[in-house]
Amino acid sequence: MSDTAQSHGETPAPDDVKAQMQQKAVQVKDKAARVVREAQGRLPDAVTDNAGQAREQIAQAAATVAGRIQEKTPDAVADTAGRLARTANRRRGPLLVAAAVVLLVLIGKRRGRR
């Protein structure tokens with residue numbers, strides 16, 4: 001935001017706001033990365049080794065389950081699911097809006113019960 005926009009009570013230009021948001025996002029991302037590096041530096045080697053092994057085991061288990069599901073899923077269902085996934089990927093905006101609406105309705109119902 002420029003000083004002239006602030007001093008005259010004007011609304012900042014969208015480009016200025018966008019640039020500030022991007023700059024702040026980079027700062028936050030850098031700080032988060034720094035904190036993670038510091039935390040990892042404090043962890044004993046045994047903990048990081050165990051975490052790496054657990055990560056590998058989880059990845060293997062997920063691959064096994066995905067393979068089994070893929071084998072047992074009929075081709076027609078797999079084709080339909082693939083088509084739906086591609087459509088959802090192309091139309092993320094409306095999908096996110098619909099998900100937000102559903103979430104708000106569920107939260108509203110839950111609060112209504114209390």
Side-chain angles (χ1 to χ4, degrees):
M1 178 170 12
S2 66
D3 291 334
T4 56
Q6 280 184 337
S7 62
H8 294 100
E10 297 173 9
T11 304
D15 290 339
D16 291 342
V17 173
K18 183 177 180 180
Q20 285 180 343
M21 289 175 56
Q22 288 174 339
Q23 183 180 13
K24 190 66 171 178
V26 168
Q27 290 172 352
V28 169
K29 192 175 186 180
D30 289 346
K31 185 175 181 177
R34 211 177 10 233
V35 169
V36 167
R37 279 194 306 273
E38 289 173 7
Q40 286 175 337
R42 292 186 200 135
L43 290 175
D45 290 339
V47 172
T48 55
D49 290 345
N50 287 342
Q53 290 172 358
R55 190 177 316 121
E56 287 176 22
Q57 289 174 348
I58 291 169
Q60 288 174 353
T64 301
V65 169
R68 287 182 185 165
I69 290 171
Q70 198 170 20
E71 288 172 7
K72 295 184 186 241
T73 303
D75 290 340
V77 174
D79 291 343
T80 302
R83 224 173 318 127
L84 288 172
R86 285 189 296 278
T87 300
N89 199 19
R90 283 193 304 264
R91 298 182 181 155
R92 281 192 185 136
L95 184 63
L96 289 173
V97 169
V101 168
V102 168
L103 183 62
L104 289 173
V105 167
L106 291 174
I107 290 172
K109 283 186 178 185
R110 187 172 183 178
R111 286 188 178 178
R113 282 188 250 162
R114 290 183 180 177

Return a table of donor-acceptor pairs under 3.5 angstrom between the side chains of residues 21-39 and protein atoms on other chains or two or more places apart.
none

Taking distance alone, no hydrogens or angles, what donor-acceptor pairs closer than 3.5 Å link side-chain atoms of residues 91-98 to residues at least two apart or in another chain?
{"unit_1": "Arg92", "atom_1": "NE", "unit_2": "Asn89", "atom_2": "OD1", "d": "3.2"}
{"unit_1": "Arg92", "atom_1": "NH2", "unit_2": "Asn89", "atom_2": "OD1", "d": "2.4"}

When rounded to the nearest 0.5 Å, the distance separating NZ of Lys109 from CG of Leu106 is 7.0 Å
Under 3.5 Å donor-acceptor pairs involving side-chain atoms of residues 60-79, not counting sequence neighbours:
{"unit_1": "Thr64", "atom_1": "OG1", "unit_2": "Gln60", "atom_2": "O", "d": "2.9"}
{"unit_1": "Thr73", "atom_1": "OG1", "unit_2": "Ile69", "atom_2": "O", "d": "2.5"}

